[in-house]
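Just the heavy atoms: all of them, side chains too, but no hydrogens, waters or symmetry mates, feed the values below. The structure presented is a predicted model; accordingly, all values stated were derived computationally and were not measured.
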Amino acid sequence: MTFQKLNEKDLYVSGSLTKKDWPVQPCRQIIGQDRALKALNFGIQLKDNKSHLFCMGPKGVGRTSLTLDIVRQYASHQTTPDDWIYTSDFNQPALAKSFSLKAGQAPVLAQDMEDIIGRLKKDISIVLNSENYQFHLKQIEQRFNDDYQSKLNFLSQKINNENVAVIHTANGLQLNPVINGQILTPQDFNAMPVEIRAPIMEKMADARQMMLDELKNLPDQTLEKQKQIDELKKETLSQLVQNVFQPYLKKYQKSDIVSFLKQAEEHLLKNITALSTLNTDSAWNFLRINVLRSLPHNFGMPVVHMGQFTLNDLIGKIERQQQSGSLITDHTMIQSGALHQANGGFLIIEAKDILESKISWRVLKQALFNQKITMQAPNDDKTLMSVCTLQPQDIPLNIKVILVGDVQLFHKLSEEEDFSALFKIPVCFDDKLPRTKENEKLYAQVLTDFILQNNLKPFSLQAMNLLLGYAGRLTQDQRFLTAHFSLVHNLMREADFIAIGKTVQEQDLMNAIQNHDDRTAVAHQIWLNNFKRNLIQLDLSGMQIGQINGLAVTGGNDFSYGHPAKITCTVHLGSGKIEDVEREITLGGNIHSKGVLILGAYLMARYGQKEGFYMDATLVWEQLYQGIEGDSASSSQLCALISAIGKIPLNQSIAMTGSVNQFGQIQSVGAINEKVEGFFDACQKIGLTKKQGVIIPKSCQQDLMLSPRVRQAVKENIFHIYTVQHIDDALEILTGLKISEIDKEVQKAWHEAFMKNQKQN
């Protein structure tokens with residue numbers, strides 16, 4: 001017999017800090033992530049634009065916060081990259097030109113351009129309203145007006161006769177009838193006899209035709225007049241523009257931006273006469289600077305964190321405005337994305353949405369391969385408005401990208417060839433750290449620093465040891481402490497809130513743990529109430545053939561709970577088929593089905609060396625309606641199967657969990673604490689009989705971090721936990737028989753079935 005009955009001390013490991021260790025000094029050291037930190041530091045310092053990183057690990061271990069801390073610390077000591085701006089392209093209005101400037105200079109240039117615009121708007125208005133300009137403007141207008149009036153007077157003299165007079169009105173020249181030297185009104189003229197009016201009307205028609213012919217031959221002075229006005233305006237404003245630009249051309253003479261300033265000046269000079277028509281602020285956008293990204297000169301490398309992975313967040317967007325039935329845009333409406341902001345530094349992306357954001361993922365990979373940022377104009381296929389398009393010039397990209405996600409996502413992305421070519425450095429964050437005396441003390445120091453930083457009450461030595469035990473329970477392993485510090489921090493905050501005194505005592509922490517368990521145990525309580533009402537049928541005492549209490553886990557993460565479930569097996573004469581009902585109705589997963597198939601292999605190896613198996617068996621999880629995955633109940637199923645074949649009763653007071661292999665060896669399973677506690681709670685709900693307990697794999701003993709209620713019951717010998725290494729040990733516990741007696745009964749039934757089959761055939 002190799003099974004062992006565990007004592008209370010085997011079920012939990014508390015903190016080992018002593019009075020000599022207490023109090024500990026606060027410490028901000030990162031613990032338990034040496035491998036990740038080594039890979040991370042290597043990756044961020046490697047000067048290779050196609051060796052990006054993927055930080056992987058379970059959520060809550062600090063994979064994002066630690067990455068940000070390390071990267072920011074490194075980046076702050078590096079050279080600050082250039083600023084990036086967009087300007088107008090005066091030669092090609094549909095393009096926007098990109099420029100780089102030394103760190104911190106872009107806002108200065110942008111303000112200089114605003115000053116230029118301000119001076120131009122102000123000085124143009126002053127100059128065009130000055131007495132000197134208005135005097136010369138009036139001279140031009142007077143000169144053309146006098147000349148035109150002279151020509152009209154000459155025309156009037158040529159047309160005037162004894163019956164027709166040319167009158168100058170505000171609307172131009174007008175012909176009126178004349179009789180006896182008197183100019184008549186239309187009313188008076190129409191009142192005269194027709195024989196008098198007829199010859200006069202003929203003369204007026206001839207005069208009208210002569211006037212039209214003469215006016216047609218008069219030269220049009222409008223264009224010449226406007227030309228002289230434009231020349232006056234050009235002479236007046238050109239010197240103004242040159243005076244405004246001169247100091248800035250000198251200021252930026254050693255920079256690439258001087259070419260933009262010269263082009264801007266030339267553009268203004270070529271279109272000088274249109275300056276007075278720029279009446280709105282946006283009309284001056286062609287001179288403005290769009291600062292995409294600027295950092296102070298001593299800032300270091302930028303570190304940008306993307307929480308949401310969308311295309312606009314990644315590469316920015318080009319805004320548009322509605323104007324007169326059209327959508328217009330210019331370089332000032334270009335908005336930067338994370339790639340622009342992180343250029344020259346680090347971009348840390350939460351990768352959880354990458355597979356759903358296929359376009360964004362493709363654009364990111366293209367940018368990293370091509371090492372440039374290419375902005376995409378919006379798709380306007382559905383708009384009925386005319387659209388003004390803009391193509392920003394590409395910007396060179398020098399960046400290190402760090403994706404943050406879980407291990408499953410890393411393996412999924414690794415199937416892509418592009419991913420492996422770009423993200424060559426995996427950074428693996430552990431979810432637990434070895435539980436040594438040194439690590440426990442360091443862990444306590446880190447938690448003490450958290451207490452100080454968050455103004456929590458000090459923890460007593462007993463409370464800290466309990467907290468260390470809780471950190472071990474979260475790992476489901478006595479040998480480790482959890483690296484999910486966020487879970488521990490949440491409990492500490494709650495204990496601080498509960499504590500009435502000046503320090504957090506052990507009882508305060510126990511109350512916080514109980515409160516947390518109560519909040520997350522709603523589904524478990526519903527299950528227990530249904531069991532108490534006999535809606536869930538289980539036998540937790542007595543002996544039954546072909547029946548055993550297996551252990552299942554329902555829920556996930558913080559809300560999972562364990563509970564017993566009846567496993568039954570029936571057998572009858574047949575062809576040796578073992579039927580798993582869950583597999584047949586597709587409720588059983590692949591691993592579960594594998595475990596059931598192993599049962600037949602074990603039976604044949606143990607009992608079928610001489611005679612074939614001529615029984616059919618059916619295995620069922622009773623009242624379990626959700627899908628089943630995993631082989632943690634295969635040992636329970638094997639015991640139920642052997643019980644049914646040999647007609648050997650099994651003790652219903654004992655539940656069992658564990659995987660079994662073809663040789664009958666019991667293998668470890670997960671969620672051992674939830675399973676043990678789930679069976680204990682079911683027994684306690686209807687009353688402990690002092691005979692109840694659980695069989696678990698020997699290899700799972702080190703995973704036990706059980707709750708105080710179970711440990712107390714074991715201590716009082718009213719609940720029992722057995723560890724086994726082989727199916728024979730479990731059968732002896734469940735049947736109360738020696739394995740030789742069990743084998744004898746099974747072989748007897750086996751032989752009888754074989755002989756009946758032989759007679760039938």
Side-chain angles (χ1 to χ4, degrees), residues 36 39-57 62-84 98 100 103 291-295 299-317 334-376 394-405 409-410 413 416 418-427 429:
L40 182 59
N41 279 299
F42 166 75
I44 63 178
Q45 295 179 47
L46 181 63
K47 305 302 181 184
D48 181 359
N49 289 335
K50 291 187 179 178
S51 289
H52 304 281
L53 297 81
F54 191 106
C55 292
M56 70 187 86
R63 63 190 187 190
T64 298
S65 58
L66 291 180
T67 297
L68 284 169
D69 288 345
I70 296 300
V71 174
R72 283 170 177 162
Q73 183 179 359
Y74 170 78
S76 64
H77 296 92
Q78 306 306 308
T79 303
T80 307
D82 289 347
D83 292 350
W84 279 99
S98 61
S100 64
V291 180
L292 280 189
R293 199 280 307 281
S294 178
L295 299 170
F299 181 85
M301 288 181 173
V303 179
V304 176
H305 178 217
M306 278 188 73
Q308 298 217 348
F309 189 65
T310 66
L311 188 60
N312 287 344
D313 290 334
L314 182 67
I315 63 170
K317 58 183 177 179
I334 301 173
Q335 295 186 2
S336 65
L339 286 178
H340 299 98
Q341 295 300 321
N343 199 3
F346 299 90
L347 177 58
I348 299 174
I349 302 174
E350 298 294 337
K352 60 183 183 300
D353 300 324
I354 275 184
L355 294 178
E356 286 72 37
S357 307
K358 294 182 179 179
I359 296 178
S360 304
W361 178 228
R362 175 175 54 80
V363 169
L364 174 61
K365 290 188 291 185
Q366 287 177 346
L368 296 180
F369 274 122
N370 300 331
Q371 296 184 29
K372 61 183 179 181
I373 307 172
T374 301
M375 297 196 69
Q376 300 177 349
D394 292 345
I395 292 178
L397 181 63
N398 177 23
I399 199 172
K400 186 78 75 169
V401 174
I402 303 174
L403 299 180
V404 179
L409 178 59
F410 174 77
L413 291 174
E416 302 179 13
D418 289 348
F419 176 81
S420 300
L422 288 170
F423 293 87
K424 303 173 183 177
I425 305 175
V427 179
F429 282 86

Tightest non-hydrogen contact, residues L53 and F423, listed as O-CD2, 3.3 Å
Could you please spell out the steps behind the side-chain contact (heavy atoms from CB on, under 4.5 Å) verdict for W361 and E416? CA-CA 12 Å; W361 178 228; E416 302 179 13; 3.0 Å; yes
Return the CZ to NZ distance between F419 and K365, rounded to the nearest 0.5 Å. 9.5 Å
Steps toward side-chain contact (heavy atoms from CB on, under 4.5 Å) verdict (I44, I402): CA-CA 9 Å; I44 63 178; I402 303 174; 4.0 Å; yes
Checking L46 against K400 for the side-chain contact (heavy atoms from CB on, under 4.5 Å) test, could you report, in this order, the C-alpha distance in whole Å, the side-chain angles of both residues, the deciding distance, and whether it holds? CA-CA 9 Å; L46 181 63; K400 186 78 75 169; 4.3 Å; yes
Residues in side chain to side chain contact (heavy atoms under 4.5 Å, CB included) with L66, at least two apart? I30, Q33, F429
Scan I354, L347, I348 and name whichever one has a side chain to side chain contact (heavy atoms under 4.5 Å, CB included) with L403. I354
Close side-chain approach of Q45 to Y74, heavy-atom, < 4.5 Å: yes
Nearest heavy atoms of I334 and L292, plus distance in Å: O-CD2, 4.1 Å
Which heavy-atom pair separates S76 from Q73 by the least distance, and what is that distance? OG-O, 2.8 Å
Side chain to side chain, L40 and C55, heavy atoms closer than 4.5 Å: yes
Run I399 and L368 through side-chain contact (heavy atoms from CB on, under 4.5 Å) and show every step you take. CA-CA 8 Å; I399 199 172; L368 296 180; 3.8 Å; yes
Residue from K372, Q371, M375 passing side chain to side chain contact (heavy atoms under 4.5 Å, CB included) with D394: K372
Looking at every non-hydrogen atom in both residues, tell me the closest pair between P426 and A39 and how far apart they are. O-CB, 3.8 Å
Supply the atom-to-atom distance N343 CG to M301 CE, rounded to the nearest 0.5 angstrom. 11.0 Å
List the atom pairs, donor and acceptor, that lie under 3.5 Å between side-chain atoms in residues 302-316 and the rest of the protein, sequence neighbours left out.
from, atom 1, to, atom 2, distance (Å)
H305, NE2, E350, OE2, 2.9
T310, OG1, D313, N, 3.2
T310, OG1, D313, OD2, 2.7

Between the side chain of T80 and the main-chain N/O of F299, is any donor-acceptor distance below 3.5 Å? yes
So how far is it from N370 CG to L397 CG, rounded to the nearest 0.5 Å? 9.5 Å
Rounded distance (nearest 0.5 Å) linking atom CG of D353 with atom NZ of K358: 14.0 Å
Nearest 0.5 Å, please: how far is CG in L295 from CG in D82? 10.0 Å
Atom of L339, atom of A367 and distance for their closest heavy-atom approach: CD1-CB, 4.0 Å
Ring centroid separation F410 to F54 under 6.0 Å: yes
May I ask you to decide if G337's main-chain N or O and R293's side chain share a donor-acceptor pair within less than 3.5 Å? no
Measure the spacing between CG of N398 and NZ of K47 and express it to the nearest 0.5 Å. 9.0 Å
